[in-house]
Novice: 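Below you'll find the structure I mean.
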Amino acid sequence: MALLLSLIVLLPLAGMLFLFAFGKRIGEPGAGIVATLTVGGSFLTAVVLALDFFTGSGATETARWFEWLPAFGVAAELRWDQLSALMTLVVTGVGSLIHLYSIGYMHGDARFGRFFTYMNLFIVSMLILVLANNFALMFVGWELVGLSSYLLISFWFERDTAAAAGKKAFVVNRVGDVGFIVALMLIFSVFGSLGFDTVFEGARFHLTEGMATAIGLLLLIGAAGKSAQLPLYVWLPDAMEGPTPVSALIHAATMVTAGVYMVARTGSIFELAPVAAATVAIVGAATALYAATIAIAQRDIKRVLAYSTISQLGYMFMGVGAAAYAAGVFHLMTHAFFKALLFLGAGSVIHGMADEQDMHRMGGLARRMPVTFATMAIAWLAISGIPPLAGFWSKDEILAAVFERGGSWKILWGVGLVTVLLTAFYMTRMMWLTFFGEPRWEAGLEPRESPRIMTIPLLALAILSVVGGLVNTPFKLTLEHFLDPVFEGLRLVHAPGGSVAWILAGVSVAAGIIGIGAAIMRYRGPVPAESGPGWRLLGNGYYVDDLYAGVFARGGKLGAAWLAFRFDARGIDGAVEGVGALTRRVGGWLRPLQTGFVRSYGLAIVAGAVGLLAWFLSRGAF
Amino acid sequence: MTFPILSALIVLPAVSGLVVLFVKREELALPLAVTSSLVTLGGAGWLLFEFETGEAGFQFVEQVSWYRPWGVGWHLGVDGISLLLVALTAFLFPIALLASTAVTDRIRQYAASMLFLQAGIIGVFLALDLLVFFIFWEAMLVPMYFIIGIWGGERRVHAAVKFFIYTALGSALMFAGILSLGFLASDQLGGPTFDFVELLGADLTRTAQFWLFAAFGLSFAIKVPIFPFHTWLPDAHVEAPTAGSVILAGVLLKLGAYGLLRFNLTLFPEASVDLVPVLAVLAVIGILYGAAVAIVQTDIKRLVAYSSVSHLGFVVLGVFSLTTQGLQGGVIQMVNHGLTTGLLFLLVGMIYERRHTREISDFGGLASVMPLFAGVFLFTAFASIGLPGLNGFVGEFFVLVGSYLSLPGYAITAAFGVVLAAVYLLWAYQRMFNGEVTVEANRGLPDLTIREKVILVPMLVLIVFLGVYPKPALDIIEPSVDAVLDRIELKTDYVVPEFGTTGDLAVQK
Amino acid sequence: MNLDFLAVAPTIAITAAVVLLLMVDVVWKPGPRWWAVAAALGLVGATTASVWQWVEHRAADGELFFSDMLAVDGFSSFAGMLVFPVAGLGLMAGWGLVTGVGRRGAEFVVLVMIAASGAHLMAASANLVLLFIALEVFSLSLYVLAGFTRGGDGADEAALKYFLLGALASAVFLYGIALVFAATGTTSMYGAQSFLESTLILRPGILLAGIALLLVGLGFKVSAAPFHVWAPDVYQGAPGGVTGFLAAGAKIGGFAAMARVLVVPLESRIGDWAPAVAALAALSVVVGTLFAIAQTDLKRMLAYSSVAHAGFIMTALVAGADGVGDMWFYVATYAVQVIGAFAIAAVVSGAMTGKSPLSDYAGLAVRSPMLAAVMALFMLAMGGIPLTAGFVGKAAVFRAAINADYLWLVIVGLVAAVGGLFFYLRLIVLMYMQPLSDESASAPGVPLGVRLAIGLPAVVTIVFGFAPWPLLDWVRDATPL
Amino acid sequence: MTVTPGWYMALAAFLFVIGTGGILLRRNALVMFMSVELMLNAVNLTFVAAGRELNVLDGQVSVFFVMVVAAAEVVVGLAIIVAVFRKRQTASVDELAELRG
Amino acid sequence: MVELVLFIIFGLAAVFGAVMMVWARNPVYSAMGLMLTMFSVAVFYVSNSAHFVAAVQVIIYAGAVMTLFLFVIMLIGVDKEEDRTENLPLQRPLALGLMALFGGGVVVAGRFAWTTGVRNPLDPVNGTVEAIGNELFRRWVLPFEITALLLIVAAAGAIALAFFRDDEEVDG
């Protein structure tokens, strides 16, 4: 048991080490195959282990590797419960598909082997994150995924933009991590341990609401950094500089959902901190709407998907914030399917278009790449919330759950609804600009369908995007019950049943259809000129990025420069050097006193004599 | 009488230094030095192996009275705090010496200076008699002074003199402190003594403690260096030869923090408790300030130097958090900083040997020219950033979490240091290694040579090991730092904060 | 009246040797080799005699001879054991000068020996008038030695300045003696001591004035600020071959006299003179250091540094009798260091010439590594760096001062010591970190005698740097009866 | 009124100061040297007067020795002055100021 | 009464001589002034019943020493008139001030009691030749012998500095 559990992590790890050592030597496609097999292997292992859970006979398992930081009451220990199992399945499953896809996509790249090394490193890190049995180890995974994200974003480091994007991603994540670390400080100061069991079981006995809120908000900061929520989302769009499979795997399917996972995992803390939980939901709602608006005006196909991802993550936050953890995680899963599919499709398009990403230069690709088009179409409908596709069920459940909370939560529900409409709109826009209408690509370019090795994963994901939603329908809440043991004892929010459910579902579907329709109306003809202040504002994401760049990057550098070259060099060091120089100069000033004239020397001696005389006489001659 | 291993660790380098100094054939100098340092390393390894883990007190103690009238004697001992630092010293010197192939002028004197330096440093860590401690402390300056001043860069003389005199100024006051301490204690202990262990028995008035703390503390603060006293460091680092920088960053800086922990905390507990805020503030300032200043440096060596200021800030914060986690973190951070920063300086030295420039702007796109080198550099950078799984993380984590218990505000502020660390190192990496090759001279630079790999591998291995499995090191440290805390609790009304207390319902009810 | 010739054995040995030397020289003109032999005879004899006296009279076994004129105790015999060998070293270091001035070399040797004997008598005399005579014997010889190469650059100037100022100072000193005589009714130190202990003087004005003037004279001899003004000019002007002995001898004799006068007759007056001595000490270390920093000539720089060292040594004396041993340790180690340093200067810049510009030392480490290394050692020792005798010396005097509750003085001293590094390191920088001044210059040859005069001090500096214990034990017995 | 030794000592002090003045004010080496002799005489007078008051001979004996010392000093001093004069044809100390700083 | 007269006359003479020595621009006059002072001092010795010392004073000091001085003055040249312009700034005011302070200090010191030692109770001692001789060759024999060294130094020094052999007119 523990062995198998460890195997889930160790397989990709072994693959990574192997590729690190020999990746260059075995080269193409061997490296890719090794990587895919190891990840696939750990997927199968996970399936085997998860079977017990499906049959309902499974119990939480742990695999202790070694004593790690006794001072914090934590060991290097894996935890296998339904939640981590689900995450593992998603990560390794989607991961192996994307690995497979990458073999084709990265074909001919100089650092083919290195790429898969990094990919496996990421899988390992992500697995550590989701399987960790204590905050410390979770933090390790948390940071390592950041590392592999950095490595993969700036994989083509010759491109300055790529290098910069990688650094940006890591640094922004790091800002979130400060929140995480401080949260850990608080947790440790309260519980004297960072182990999950101690904390979660002790929470309701040891946590005051204030402390719980503080911890919750700090965790939220960390989550916002990793899951690209307001205000720390800025790194994700730039992250598209990385190879598309990376975007699909890390920046759509898995890593960015870590925040959601964390909030779900720490549900027992958030439960004690309603304010923090609400904040999570609000941040999520805001992000969802905000990112959706921006997505509308993007011309780069990958940036559309990037903002869409941010927006969808917002949904998940809404869900977990509303204590509908199952719903959140459910959407996390479905989203992994269709968003990965979208990215891979986009990748295949870009591949076919010889690295063209501007949708205004595409169009009419449907005929050229049928498979890509078909699969992407499914994903499009799925994300637009069209039943019975996966997206519909998960998104609907979140909205329903939020609605169920009632009160001012209904506002969030409204926001979500609007976002549904916008989502449908910009996805449709993307589809039309890409696949329909007149071809707008420059002459001589002959786009054609991608090789089979790339289309197979597309098909697989397409299937998942169709059926994936059925694991948790209002008629049969399989997933929710599956996850119940994890959230045992928490006051969970469930989507309402009965007529309310139908009405809500109908409303959201309607919103989706309206969005799609509007988009079709607008884009079926020749491409309208998307210019004007509004478009520019949205296109540039409300200029928030430039704001950050100005305030933090440039401003920070100026401040640091002042510190370094004024305050430090002139001020502090100036003082130090000054003392030394002064000492030397004083010597120079004094020298003239030694005139060389005997009689002045005599004067000095007599003066000294008089001085001593004065002192001694003052001792009793008066 | 068992074999005096500690004396041996000090005497061996010193003697072999003399031998090297007068060796007939100059080309033998470095090999001899390396051999000697390897033997020392072996000795240190044996020490690690024989060390009774879990014991708080000093082990392998050697004590010989030298001069009764002054109460000075040859008293050596090693505990969990000094053991690792001694090991680190022994570990870094062979590497530094192997990395000294750039030295071509007066090799004998160079090798000898390095060995004398090693003897001095180990002496400082092992000495349990304040006067002996001071002797090593001060004597150590001379070889370092020569290493910087003779084999250093363009402005080496200025840097060397600045280093020497600045440090000497600090130690001057400490010397006054040591003498007065011996004198003050002589009334209570019957006769003057400079023996650390005996001095622990003396009860000093609050004021006396305050001034002595100041006298000792200033000297250590300059050595660490704590924030406003740091400016000698960048100069010294920039001008020092590679090996010099490695030792300077790797070990020398630790001496200050070690002194604070070993002497200030134990000899002047009340003053320590009173002055915690001061040092905590300076430490936090150092963390953020050093990092901020590092961001905009144009000279990679200067950048790493300022990063040291930031990292040592963590050490000081940990030491004065007065919690076991904090103190453990401080000590382990010393070791880790020694490894990572030492390695960074090694790498900078290697690139300097190839290009004879340290200006970041003179590089660019190196990753495509020398991928292996770039990889190692990035690896080390992340270790220094404090990426979990690498050694840098453990120390910072311990310090931050540990110091939160006693100094929440400071700890939270300090946490932002981890962001800045990422900024300056990754930005520097980006400018040096990413992008296209901009400067022609960088094309076709040779990647790591066999010798360089040999030098690097052990450090990389150690970095990973301490990052993944720090427990052995921590186990060595814990009892000793706990002993320090117990003493403080005994001597003052300070209570080491317990976990599971802050904001605890159970407590409030 | 106990006439004991063993009590004056050192003096007799020197005198006999001197007379023999001159006689034989006048009659047969045998030349330098003979001078060396005679000098060796005299100095070795005197040293042996001092050692014998040390064995017989150290610590508590001191005795007074010649109706309380002469004290033979640990103090005097240690001074003997110190000053006669130092004179030997001085002669070896300056032998180039001896052979350089032709026939007059005989007088040079004679004067050095008599000066040494004078210094010894300064330490041994138990009577202020005898002290004055001894001091004159000593000083007059030094005046002549300073100007020995009459034509040499500034030698005559040095001699005249030294002489005129010295005459002034000794006149003041003598006036002090007269006043103390008037105040105590005796010129015998021990008489005065018992008188001052037994009787309470209602109107101590004359006594106090006397003490003040005594301090002036002694301060002049040891070149303590502000009575140091002569030192730089004399050190720089005096021929290289003699400066070392000039510096070392002045410190030994001067401090012997100062310590004896302060600790024996004025013992009960420590409350009056200790602060004054402390003030002089502080002034000396500061003035000496600050002036030395800006110098461009090594001998001049060392002159100012010797002022600073005078200050350090006086730091020990504020502790009264308790500090005498520490004073001796410092004086002994410093004396040999300074002899060695000036010996090297004489090698580098010539034994006949006065000036020794620092530029001569650029790149010395390349040209003659050994010389540079030893010079660096002396510089570090004078800078008080550990593992050299210089550090132990400082530790000793500061320890004494701290025990006497003169912490402020110690701090001043320590800071000044750091400032001193500025110029000690400057020389090291020149020798090690700068290119040769002129590539053509070949390494100067160093005759055996000079090698000894450089090597022995180096050995002493290192040995007592590593294991000062024996010397520390001895000096504890080298206290006045 | 009778002349107490104090009078002589006061007079001696006065002479001594004048001697000092000679050294500080004159630049002729010989005259400066004479001033030193004057100072020694003043001291001698002090010795004698004090010795009389204390009714001991030590004062006078001291004077005797001072005289011997003075004589020797004169010999050396004049020799130095002659040597200087031979080299520079001057006895003015103000012209001997090459060594300074 | 006699002593008072003597003190006044010769006191004035001594001071006059001293001032003359300092004041006279011609070294010869200075020498004369010094001699005058010495004679006056000798008189004081007598009036303090220090006959032997007085004799020595006249013979050695006024006689030998001053002759030597005059000899050197002649050697160097009588006509070396020294102009009184002071070229060292502040030298004169400082000098005079310090002189005043010094003298004043000593006088202040002794204004209550010039001697504080216990007076020898025996009947008054006289500085006759026998008395002094007794002292010299009994208690003071060691200093007396040590003066021999002093004389050697003087001789050797004189030779070393002032005695030029023709073979080394130029040395150093």
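Here is how names work: the chains are called A, B, and so on, in the same order as the sequence lines, proteins then strands, and each is numbered from 1.
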Novice: Are more than 12 heavy atoms, taken from residues, nucleotides or ligands other than A:Y548, located less than 6.0 Å from that residue's OH atom?
Specialist: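 Atom OH in A:Y548 is packed in, count exceeds 12.
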
Novice: Does A:K24, at its NZ atom, have more than 12 non-hydrogen atoms belonging to other residues, nucleotides or ligands within less than 6.0 Å?
Specialist: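 No - once you tally the heavy atoms of other residues, nucleotides and ligands closer than 6.0 Å, there are 12 at most.
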
Novice: Could you work out all donor-acceptor pairs shorter than 3.5 Å where one atom is in chain A and the other in chain E?
Specialist:
from   : atom 1 : to     : atom 2 : distance (Å)
A:R599 : O      : E:Q91  : NE2    : 3.3
A:R599 : NH1    : E:E86  : OE1    : 3.0
A:R599 : NH2    : E:E86  : OE2    : 2.8
A:A621 : O      : E:R111 : NH1    : 2.9

Novice: Can you confirm whether E:F16 is buried at CZ, in the sense that more than 12 heavy atoms of other residues, nucleotides or ligands lie under 6.0 Å from that atom?
Specialist: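 It does not: E:F16 CZ has 12 such atoms or fewer within range.
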
Novice: Using only non-hydrogen atoms and a strict under-4.5 angstrom cutoff, which residues of residues 97-106 of chain E touch chain A?
Specialist: E:L98, E:L101, E:F102, E:G105, E:V106

Novice: Is A:L617 close to chain E through its backbone or its side chain, or both, or neither, when contacts mean heavy atoms under 4.5 Å?
Specialist: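 Side chain only.
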
Novice: Check this for me: A:F565, atom CZ, are more than 12 non-hydrogen atoms of other residues, nucleotides or ligands nearer than 6.0 Å?
Specialist: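 Yes, the 6.0 Å shell around CZ holds more than 12 heavy atoms from other groups.
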
